[in-house]
Structure formats: C-alpha cells, structure tokens
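This report concerns only the one structure given below.
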Protein chains: 2
Amino acid sequence: MAKGSSSAGPVTRATMADIARRLDISKAAVSYALNGQPGVSSATREKVLDLAKDLGWYASSSARALAGAETGVIGLVLARPSDLPTIETFFIPFLTGVEQVLTERGSSLLLRVIGEHPEAETKTYERWWGERRVDGVILVDERYHDMRLPAVEGLGLPAVLCGGPIKGSALPCLWTDHGADARIVVDHLVALGHTRIAHVSGPAGFVFERARRRGVRRAGAALGVTVETIEAEYTGPQATEVTQRLLDQPEPPTAIVYASDVMALAGLAVAATRGVSIPAQLSVVSWDDSYLTTLVHPAVTALFRDTPAYGALAASVLLDLVDGRDRGRIQVPTSSLRVRGTTAPPAK
Amino acid sequence: MAKGSSSAGPVTRATMADIARRLDISKAAVSYALNGQPGVSSATREKVLDLAKDLGWYASSSARALAGAETGVIGLVLARPSDLPTIETFFIPFLTGVEQVLTERGSSLLLRVIGEHPEAETKTYERWWGERRVDGVILVDERYHDMRLPAVEGLGLPAVLCGGPIKGSALPCLWTDHGADARIVVDHLVALGHTRIAHVSGPAGFVFERARRRGVRRAGAALGVTVETIEAEYTGPQATEVTQRLLDQPEPPTAIVYASDVMALAGLAVAATRGVSIPAQLSVVSWDDSYLTTLVHPAVTALFRDTPAYGALAASVLLDLVDGRDRGRIQVPTSSLRVRGTTAPPAK
DNA sequence: AAAACCTACTTGTCCGGTTCAGGAGAATAG
DNA sequence: CTATTCTCCTGAACCGGACAAGTAGGTTTT
C-alpha cells in the first residue's frame, strides 16, 4: 500500500510529545515554544524549533481545532448545473483572488461543486458547520428568496454574501451598483446612436440579473430609449436561440447586451452564420469580461471588473468576520467599460 | 431550523456528551448507537438517534480524525499562472467529476490555487499531510522531472497521478495513450488531403505535451507527411503570435492542430483578421474539447474526452488507495474526434 | 444450583494539541 | 536576611469523539 512506500517513508508523523520526550521537557513547554508564547527560555525555544524542523513536525489541524482553535478552512459551494460554462470564466479568477488572501492568512478552501439544488447547498453548510469543518463560508450567486441566508444565520455560521444588501439580514455583503453599471453600458450605446437595444439577461432568479434588467430599463428611459430584456439560461445554445429570435424581428435591435461573455460569443457566432457584419450591422456588449472577449475577432466590448480583487475582498471580509470584525456592507467598485471591436454606430 | 434555538445564533453545537447527559446514559453508549455498532438496545439506539437529530448533532470531524479516523478530505493543487485560461475549460468539468465521486463517498475537496511555483506545491502537500488535513491528493499537470512525485512518495502521502506511467514510481496513475490520440487527429487531416500540417503544442515541460508532439511526428511519418510542432504558452496572445508566424511562411500549413480550445479560438481569430477562410483555406483542430469549440462559428473540430469521467476516475482511484486498495496503472479511454466545421480538404 | 454466556450497558484511556494552575530556583526589593 | 517577584518550567484538565475492557443483570446450559 502507499503508506510508507519508500524506504524512508515516515508513516507516523512527529507529535509534540515526541519533541518533549527527546528534549526531556514537558509538552506544555514545547507548545509555548512552538507558538511563540512566553514561558520558555530562548535557548529552549530554539532547541524545540530546531528539533521540530528536523522531525518535520506540523501541528495536527484536528487536535488544534479540537482544542478550541479555528479550523483554518473556509467553505465555498458552487451550485449551478455543471454544464453551464459561464461559471468558469468568472469562477477561476474569483477563486484565484480568494485563494491568495486565504494563503496569506493561513487558511484553505473547502470546495463543493453541486448541481443546482438549493437544499443540497443548505445541507452542505449544515454539515460543514456541524462537523466543524469550516470557520465560515462565502455565498455566491444570490437568488431571490434565498434559503441560504436564513440557513446560515440560523446556524450561526459566519458567512459573507456576494450580493445584497438584503434588508432583514445582518450578513456582511459585497454589493454592486448594477444601476451604475447599466448606465455605463446604455450610455455608451446611446452615445453611438443606437435606439433599438436588446438586453439578453440570465435567469431572473438571480438577484443581480433582475437588478441589471431594472438598470438598463431606467438608463434607457432616462435617455428616451427603450431597452427590451429577454431572459435566457447562461448557455451558448440558449443565447443562440434568443439572438436568432431577436434578429428575426421586423425591426431587429442594432445593439445587443449579453449577460455574459459566453452568451456574447454565441451571439457573434449567430451573426457570423447569418452574414451579419459586426460591428457595422450589429453592436454587441458583454456584461462580463474575461479572457474570452479578446480571444475572438473582433474583440468584444465588455464591462470589466477586477474579479480576482472581488474574490480577495470576499475572502478578507469573511476572515475578518471569523476573527470577530464585522465589516458590514461593502460596495464593490463600479465596473468600467472596455470598448473593443464589437460596438460602433448603427448602420443608418 | 435544525438547531433548537432559532432566536439567537447557537454558538455551541451539540456533542455526544450532551446527548448522553440528556438521556442519562454514557458517552460510549451514544457512540455505539450513532455509529450503528452493537452494544445498545434498539430502544436506546432510537432515542439517541432521535435526540441527535433534534439537536442537529454532527460528529466533529476534528475529534473523529484525532481518534484515528480519516479526515474525509482530499486535496488538489492547481499550479498554473492564474492568467492562463486553459485551466478553466478543462478544470471545471474535471472538478465536477471529482466532486461527484467525493460526495457519493462522503469526502470533500480541499483546493489550492497557486501560481506556477513547484516548491509551493510540494510545500503544500507537506503541510496538508503534516497537519493531517487530507487523506490523499490528486496530482494534475504532470511535468518532466516532477518533484512532486518523490515528494509525496517520501511523505507517504497517498496520491494518484493524472498522467504517467512513471518508471520508478509506484503511484497509481491514470495514463493516456497520446500516440493513439495523435494518430486520430493526423489520420483525419491526412485523409482529407492535408500534407502540410502544423502542431501548436503547449509548453514542453508538460509530459503530455511532449508525448503528443512525439505522437504527431510518428503518425505523420507513418503516412509520409511531416508534422511541424511549435511550442507556445497556453495563452491567446501566444497562440495568435505563433499562428501569424505559421501563416507568414512561404508555404504555410493547410491545417493547424492546437493544443487547446483557447489556442484554437485564437487561431480562428487570426484567420478572421486576415480574411483566411475556414475551413476552405485552413483547417483547425483543437486537442481539447470544451463548450468553447461549439460556441464559435464555424464550430471547431476537436478531440473529445469525457473530462468529468476522468475526474471521477481520479477521485475513485484515490479514495480506493486511501482505503488500502491500490488500483495501479489505469489507462484512460482513448479520445474520439468530433469533426465539426473547421476541417475540410485543403484548397488545391 | 452453580457455571457459563448473553445483552446492555459503564468506565476509562487515547488521539495531539492548548491552557490553566501551580512550583522551584534565581534575582530583586525592603 | 527574609519577602517578593520574576523567569522557566511541570502536571493535569480539557476539547469530542472511538474503542478496549470491565460489569451488572438476566438467561441458558449442565
């Protein structure tokens, strides 16, 4: 079996008791030495530290946690159908940011990828917390009537919500001004001269999708333009279908704003198939920026936000909460529009 | 919900001792009852189970692990520069498969995303194992002179390698017949009539990239065609640059095989920019399939493998190893070519 | 009727840390 | 020269489970 496979394989790992025995001192002294606490002479401390290093000693996370410390683990559940690609272009950069902060602060990430099944997610939190596996969790993909909020609050499980703010919930959250984002997009298109703008949104069950929809409607109204929103799943095929419907209208839009980069790419493919020239005959904007938008030709105009920084912020707010510092509701910096090759004045 | 006090956050979670006290029996009896072990009457067992449910009791993972059980956590380190997008289209489906098996078998995934820094990865394994955080790890992205193999073997840390097989290493591994994959791709292109084929590979530090390179060379030689391999990073810009160089040659290739879907898309963008028609003037194949290949027009011919199944297999082999069953070296099913819109006979 | 054997428990120890309440010996104070 | 206060260290309890060993009480065997 794999354990102790190689000749030198140390099957049993060193414990503090081993160090204490070899140095003929007490476990307590070893503990103080290793934790940088007062109560041991610097000579002893050094001997302990040296030996610990020699033996390859690491504190058992279980023992530490059992003795009352935190577990040093935070949890994240990703609950979307696995075949939905949108999560990827957002999620990896987000995770990268999360991880960076966790690593800096000595924590790790427990990840769970499940299908879209709200109960399973709530259940996971309950188990993780019950089993003392995590110190807290990051909640992503805020939904309407989100059962996760009462669940984590009921459990007393520290959590930070990427979304909100929610009235009636005291959870710290990272909220985005979707109205401002919407204005940036609509302003850009209207400034170019577009008057028939379509908005292909993601599922309205997501709070931010409905906020975006409201945002574009208002931004359009303020400029005397109506923006039509159509809802679709975050998949390529769905975006394809919706785009075809839009372009089949008697008066098709001259600009389409897609909820995600993947959808925008699907839209471009439809245009390519139909010989609709971009951006001459149709302008396209993606609400999410990622490496995908610059991978195609022409590159897609997209609303950019610093996703790793967003993840890093979420992680640091959560770790602070675990440490007892509630940073409350924090506004995420407004996105900026990266104007690329898919937006231009409409054909007359 | 599950916890008794709904009004205030229940900071203290129920323990077996609580159950024992309330039922006026011993902790041991509670333990036997909860673990389905003999030694308690069914009446008592039922009372214990009921109360445990009422109290929302879960076994402390730390206490369990400390008492000798496994931790129920397996680790995965993702070590590539965070701005390399290739990881995403492979990684999320892979993780989905991993998670499914882990969930079925009651384990969780500890994830770490780090930059490409081999020492950091080895160090992470050392810590995770030292701290008893994980029962085993999945190794992805096999490299030449991979320091992780001696590291995990030296530690006695159960691991499964996605790659290999490695001579001199007893690690169970999931190996791929890259030669067969290469033949599939080259055969397809040669059958269409291509004789000038280019292969844009990823960094040769990855074992599988060099195996693929060797594979296409041999497959070409067997058919009397030379296949030229050019190495590039897995980024869009690098693929763009290499593609431009290839197309600038006096006798440019009529078909390009890209190491990844992202690179293939970048190649398509170059062609679009130059007005090179695909597939009439240039055929494109991607060695990796993902949702990206069908997101663009024309859809990209790609070598498909069931990535979730691959992840699931890796997880199950690792869990078996942790349970003491070494399944040795397992060959991954050969990929199949999904012929789509980017391959056609070359222009005469 | 005594021995043997269940069943249904209890007691106590252990895992590997943390931490509290001392205590010995040296240094400082009065 | 004792009293006090350090510094440096020890012993033991504790966290929450798992489990080995022991025990009361009843049932079966001989």
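Letters A, B, ... are given to chains in the order of the sequence lines, protein chains preceding strands, and every chain is numbered from 1. As the structure is a computational prediction, the values presented were derived from the model and not from experiment.
- For the OP1/OP2 pair of D/dG16 and a distance below 4.0 Å, the side-chain nitrogens and oxygens of B/Trp57 include no atom meeting the criterion.
- Among the protein residues, B/Ser26 comes within range of the nucleic acid bases, having at least one heavy atom under 4.0 Å from a base atom.
- Between the side chains of A/Arg327 and A/Ser316, a donor-acceptor pair is found at a separation under 3.5 Å.
- Atom CG of B/Leu55 is separated from atom P of D/dG17 by 12 Å (rounded to the nearest Å).
- Remark: A/Lys123 does not engage A/Glu119 in a salt bridge, criterion side-chain N to carboxylate O under 4.0 Å.
- The distance from atom OH of B/Tyr32 to atom P of D/dG22 is 13 Å, rounded to the nearest whole Å.
- If you check every strand for non-hydrogen atoms under 4.0 Å, A/Ser31 touches a base.
- Counting distance only, with no hydrogens placed and no angle test, the side-chain atoms of A/Lys27 and the base atoms of D/dG11 include no donor-acceptor pair under 3.5 Å.
- With hydrogens and angles ignored, the 3.5 Å screen pairs a side-chain donor or acceptor of B/Trp129 with a backbone N or O of B/Leu155.
- Rounded to a whole Å, the CZ atom of B/Arg13 is 10 Å from the P atom of D/dG16.
- If you take CZ of A/Arg21 and P of D/dT10, they are 14 Å apart, rounded to a whole angstrom.
- At D/dC8, none of the side-chain N or O atoms of A/Thr44 fall inside 4.0 Å of OP1 or OP2 (strictly under the cut-off).
- Counting any heavy atom pair closer than 4.0 Å across all strands shown, A/Gly39 reaches a base atom.
- Taking a cutoff of 4.0 Å between a charged side-chain nitrogen and a carboxylate oxygen, A/Arg105 and A/Asp323 qualify as a salt bridge.
- Residue A/Ala28 has its side chain nearest to D/dT10 when only D/dG16, D/dT10, D/dC9 are considered.
- The side chain of B/Gln37 contributes an N or O atom lying less than 4.0 Å from OP1 or OP2 of D/dC19.
- Contact between the side-chain N/O atoms of B/Arg64 and the OP1/OP2 oxygens of D/dG16 is not found at any separation under 4.0 Å.
- Extent of DNA chain C lying under 4.0 Å from chain A heavy atoms, first and last nucleotide in 5' to 3' order, is C/dG16 to C/dC20.
- The shortest distance between the side-chain N/O atoms of B/Ser60 and the OP1/OP2 oxygens of D/dC15 is not below 4.0 Å.
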Determine all donor-acceptor pairs shorter than 3.5 Å in which one atom belongs to a side chain in residues 32-39 of chain B; sequence neighbours excluded.
unit_1	atom_1	unit_2	atom_2	d
B/Asn35	OD1	B/Arg64	NH2	3.2
B/Asn35	ND2	B/Ser31	O	3.0
B/Asn35	ND2	B/Ser31	OG	3.4

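- For the pair B/Leu161/B/Leu174, no side-chain contact is recorded, criterion being any heavy-atom separation below 4.5 Å from C-beta on.
- Residue contacts for B/Ala29: at a heavy-atom cut-off of 4.0 Å it reaches a base atom on one of the strands shown.
- Shown here are the side-chain contact (heavy atoms from CB on, under 4.5 Å) partners of A/Asp18, two or more places apart in sequence or in another chain: A/Ala14, A/Thr15, A/Arg21.
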